[in-house]
There are 2 protein chains.
Amino acid sequence: MTSTRTELAIKAGYLFQQRGYHGVGLSEILESAGVPKGSLYHHYPNGKADLALAAAEIAATEVLRIIDASFDEAATYRDGVTTYCYKLAKYFDIHEGKIGCPVSATLLGGPDNAVFRETLSTIYSRWMDRLAEHAVRFGQSAAQADHNARRLFLSLEGSWTLARARGDSNVIRELPSLVC
Amino acid sequence: MTSTRTELAIKAGYLFQQRGYHGVGLSEILESAGVPKGSLYHHYPNGKADLALAAAEIAATEVLRIIDASFDEAATYRDGVTTYCYKLAKYFDIHEGKIGCPVSATLLGGPDNAVFRETLSTIYSRWMDRLAEHAVRFGQSAAQADHNARRLFLSLEGSWTLARARGDSNVIRELPSLVC
DNA sequence: CCTATAATAGACCGGTCGGTCTATTTGACA
DNA sequence: TGTCAAATAGACCGACCGGTCTATTATAGG
């Protein structure tokens, strides 16, 4: 049983990812999580902004988990990339093509606050660093690893956007052949 | 002198790109354009949604213009890509890092309407097709050209996002060395 | 069991949202 | 110049926004 606090952040996260920070009202979040307004402001005293940051943190960590799960069992770097993309494509389909990058709509769409931007920047760096670590583990030089990690990250961000526009997860599945 | 109709779409476009469809109110758009509400609904009877579609169309056409301007004077495909990225980085700086992809925030952030998604999909295809045309002009095979166009497009979408998160246009300038 | 705090519950608030409507001004053409 | 549609102007509307506040219910520690 997940706590009310976590449940709120997870449900809010899905909604923010679909319609952006400003596109989702508190009433919709509360209804989705089955939680009254009093509880929201008990767990997140700063309200919607706190909730969005918490939601992004949870989603970002989940992506790290998916990266590890993809590369830990891979035979080569390329295998890891392929598994990673397939997992993300499946995730995309599960959410009916309404969700792209799990954090950009939540944070970039939010108040043009320095905290939001820096949080997003940090999350992106964590993802790229983790990808680079796996690349190094497969024998790449630090420079090669950074280069490939950024390449994969940037293309993936684009793929999430194009996949949403087209409503087609294959955009994500075709990514390995484009970047490797 | 641009018409009131066009002026409205342009100003609305800038705002939508910065804060997303739901993040901008009509009052802010009207103030920015110096136009009363009556005029908005005279020129765009369906209001905000009409305005967003018109804004995206204008921005999308401007991108095509930049693509042509970059590649028409280029000596090689690679040169064209470099000029293109530098022009976009400059555009990014002019708008103080608040604007990334000129259409995604407007259309993906909007109502999860089929028209919005299809419009975005069409715009993206137009961009990639145009890039591919220039690649062919520089001697690439149709298959190569499509491959490179998609690669550039996807990475660019990612670069716009990362550049906004970091507040750093160099992300965009470094793109040619990453995709060529 | 009693008590104090955490957590839930939701009524309520001022402000802003997108949109409608009527009135006035402008400008092209007869 | 007279006419009429195009365009401008903004008051006004109900709905919903994020946030505050008080009251009630669970729950953990003594």
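Protein chains get the first letters and strands the later ones, always in sequence-line order, with residue 1 at the start of each. These values consider heavy atoms only, across backbone and side chains, with no hydrogens, waters or symmetry-generated copies.
On the nucleic acid side, DNA chain C has its first and last nucleotide under 4.0 Å of a heavy atom of chain B at dC17(C) to dT20(C), going 5' to 3'.
For the pair Gln144(B) (side chain) and Ser141(B) (backbone), a donor-acceptor distance under 3.5 Å is present.
Nucleic acid contact for Gly25(B): sugar-phosphate only, since backbone atoms but no base atoms lie under 4.0 Å from a heavy atom of the residue. In this structure, Lys48(B) reaches the sugar-phosphate backbone alone: every heavy-atom distance under 4.0 Å involves primed, P, OP1 or OP2 atoms, never a base.
Ring geometry, Phe71(B) versus His134(B): the interplanar angle falls under 30°, so the pair is classed parallel (tilted spans 30 to 60°).
Under the 3.5 Å distance criterion, with hydrogens and angles disregarded, a donor-acceptor pair is assigned to the side chains of Thr6(B) and Ser3(B). Side-chain contact check for Thr61(B) and Arg65(B): no donor-acceptor pair (N or O, by modelled atom type) lies under 3.5 Å. For the 3.5 Å distance criterion, the side chains of Arg173(B) and Ser169(B) qualify, holding a donor opposite an acceptor.
Apart from Ile99(B) itself, the hydrophobic cluster it occupies contains Ile10(B), Tyr14(B), Ile58(B), Tyr91(B), where clustering links Ile, Leu, Val, Met, Phe, Trp and Tyr at side-chain heavy-atom distances under 4.5 Å.
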Dot-bracket encoding of pairs in DNA chain D, which uses [ ] for pseudoknotted crossings and | for another strand, Watson-Crick or G-U under 3.5 angstrom: ||||||||||||||||||||||||||||||
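For the pair Leu40(A) and Gly38(B), both in contact range of DNA chain C, the more 5′-proximal nearest nucleotide belongs to Leu40(A). Of the two residues contacting DNA chain D, namely Gly34(B) and Pro45(A), the nearest-nucleotide position lying further toward the 5' end is that of Gly34(B).
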